[in-house]
Amino acid sequence: MRGDYLIRQRPIQALILFAMPMILGNLFQQTYTMVDSAMVGRFVSEQALAAVGASYSLTNIFICVAIGGGIGASVTVSRYFGAGSIQKMKTAVYTALLVFLCISLGLGIVGLTFGRQIMQMLNTPADVLDMAAAYLRIYFVGLPFLFMYNILSAMFNALGKSRIPLGFLIFSSLFNIALDWCFVTQLNMGVTGVAWATLIAQGISAVLSFGVLLRLLRGMSCPAASVFDVGELLPMARIALPSILQQSTVSIGMMLVQSVVNSFGSETLAGFSAAMRVESLCIVPMSGIGSALSSFTAQNMGAGSPRRVVEGYRAATKLVIAFAVLIAVILNLFTTQIVTAFLGEEGTRTAMETGIGYLRFMSVFFCLIGFKISVDGLLRGAGDMTMFTIANLVNLTIRVVIAMLFAPRMGISMVWMAVPIGWFANWAISYLEYRTGKWKRRLPETAAA
């Protein structure tokens, strides 16, 4: 299939073809993170599950920097690709890979140096602190592989080759699960076992992805492209920095929310960690649709066709509603079984009640994050980043303020009651910006290249 089908085929067909490989791939990726948690929860201890969960809010910041950077780079690459500027597109790819490799090395050093201190500042329960710190040390050693893995996947998606990262994600996920089983159940390595499993699986996939991308680029004939061009950093930064700010700021906010959850003790933390893993899985289809719409928008804006972007947004909304209904049905039918899969039959009452309460409440609200991610994806793909950033900061502020002010007084349920309120506010602001039509006037420079 040609990589430019996002500007040729019917919008809903193009979005499905582009989004489904990403959704399937991310489902595999989330599945192995869920297996990480389930392995330590069932075969090590409830405290081990709490340790992995406590680490998640910190590690997610670094993941979001990688994802935000990949989004920014992919929008620039998509525009060049849509405009037929292959030489500039190659230079943008090479520049992005080099820049984010350097960033990942710097962040890895920061994480190794201050990881334990940050966990202490987040009120991590004393009975899980040492396990969380051990998990983080290994995680940060593998941070360059995590970054390159995500950036490379974004480059494939920008070129309309979303099936390639799907293949690597499936391989990485299955290999990670096999290593989890070996390290945790056979070698009794505990939480460090799942950390090493992730590092090894992602490291191998990153190296293989890099080789395939180079081969793909060499097959595109054009004058010699530069390996690095400072001039390409500015258009990338215009998209990447707000995306990174949005992604990492939300993660920092969630880290503050995590500190509130941590204060309720390791049993509550274990139940919350299990529910958060499931929530991450439920959000995957919505994120895939948003990412697909972002690339769809960028390519069609690069080709000078904003009308198709509107059609794509309407198609994305229909897909969001379909997935939201499916998720709500599954969660309400199988909530207890899902939480038990993480905690085992011996899970404490507090942990079980926390996990079940969170998922049952959230089950009917995933359409909101789908609407939010879709309209955000359109604005990001069009380069309309100001209101996009404001909307996400409002979302974050609502969630942090409600959790920190009301949860200590009214109970842990206030942490998740804040979530749909924040999602709705984010969607409303971004949607109003979309309705103004300002994004249509942001035809990219690459359209004229």
Side-chain angles (χ1 to χ4, degrees), residues 57 60-61 64 67-68 71 239 241-261 272 275-276 279-280 282-287 289-291 293-294 297 313-314 316-317 319-321 323-325 327-328 358-439:
S57 62
N60 200 47
I61 294 175
C64 287
I67 293 174
I71 288 170
I239 306 297
L241 288 178
S243 293
I244 290 172
L245 176 64
Q246 177 260 324
Q247 295 271 357
S248 57
T249 302
V250 169
S251 295
I252 291 170
M254 293 312 298
M255 191 166 65
L256 297 176
V257 172
Q258 181 78 58
S259 70
V260 176
V261 176
F272 183 77
M276 288 297 293
E279 180 189 85
S280 297
C282 294
I283 291 173
V284 163
M286 311 307 179
S287 297
I289 294 168
S291 296
L293 187 58
S294 183
T297 300
Y313 176 62
R314 292 170 181 166
T317 300
L319 293 175
V320 164
I321 293 172
F323 276 112
V325 171
I327 290 168
Y358 184 94
L359 291 178
R360 285 185 174 163
F361 176 81
M362 289 300 301
S363 64
V364 297
F365 292 111
F366 285 106
C367 59
L368 289 179
I369 193 169
F371 296 150
K372 159 197 142 39
I373 290 176
S374 294
V375 72
D376 281 353
L378 185 152
L379 295 178
R380 183 172 56 228
D384 190 355
M385 300 301 293
T386 301
M387 198 57 65
F388 164 90
T389 305
I390 292 172
N392 281 277
L393 290 175
V394 169
N395 174 17
L396 167 67
T397 302
I398 289 172
R399 296 176 69 172
V400 171
V401 169
I402 292 179
M404 298 192 76
L405 290 182
F406 296 103
R409 298 174 176 83
M410 303 175 66
I412 189 67
S413 62
M414 294 306 300
V415 170
W416 51 82
M417 287 184 181
V419 175
I421 299 173
W423 287 347
F424 177 80
N426 189 156
W427 167 80
I429 295 170
S430 294
Y431 182 73
L432 289 174
E433 176 69 6
Y434 160 75
R435 293 291 297 175
T436 66
K438 294 177 182 178
W439 58 271

Taking every heavy atom of Arg380 against every heavy atom of Ser294, the minimum-distance pair comes out as NE-OG, 3.6 Å
Note: Ile398 and Ala425 closest approach over all heavy atoms is CD1-CB, 3.6 Å
How far does [atom1] of [X] sit from [atom2] of [Y], to the nearest 0.5 angstrom?
X      : Y      : atom1 : atom2 : value
Ile390 : Asn426 : CD1   : CG    : 11.5 Å
Met414 : Trp416 : CE    : CH2   : 11.0 Å
Thr297 : Leu378 : OG1   : CG    : 4.0 Å
Leu379 : Lys438 : CG    : NZ    : 11.0 Å

List for me each residue that meets side-chain contact (heavy atoms from CB on, under 4.5 Å) alongside [X], sequence neighbours excluded, and say none if there are none.
X      : value
Ile429 : Met387, Ala391, Val394
Ala403 : Val257, Val415
Thr397 : Val401
Leu432 : none

Phe424 vs Trp427 aromatic rings, parallel, tilted or perpendicular, using cut-offs 30° and 60°?
tilted
Where do Ile373 and Ile289 land on the side-chain contact (heavy atoms from CB on, under 4.5 Å) test, with the steps shown first?
CA-CA 8 Å; Ile373 290 176; Ile289 294 168; over 6 Å; no
Which pairs would a plain distance check flag for residues 358-369, meaning a side-chain donor or acceptor within less than 3.5 Å of a matching protein atom at least two apart in sequence or in another chain?
from	atom 1	to	atom 2	distance (Å)
Tyr358	OH	Glu279	OE2	2.3
Ser363	OG	Asn332	ND2	3.0
Ser363	OG	Arg360	O	3.0

Are Met276 and Val261 side-chain neighbours, meaning at least one heavy-atom pair lies under 4.5 Å?
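In short, these two side chains do not touch, never coming nearer than 4.5 Å.
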What residues form a side-chain hydrogen bond (donor to acceptor under 3.5 Å, both in side chains) with Thr317, not counting sequence neighbours?
none
Regarding Lys372 and Asp376, does a basic nitrogen lie under 4.0 Å from an acidic carboxylate oxygen?
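Looking at Lys372 and Asp376, the cut-off is met.
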Under 3.5 Å, is there a donor-acceptor pair between the side chain of Arg399 and the main chain of Asn395?
no
Between the main-chain N or O of Gly370 and the side-chain N or O of Ser374, is there a donor-acceptor pair closer than 3.5 Å?
yes
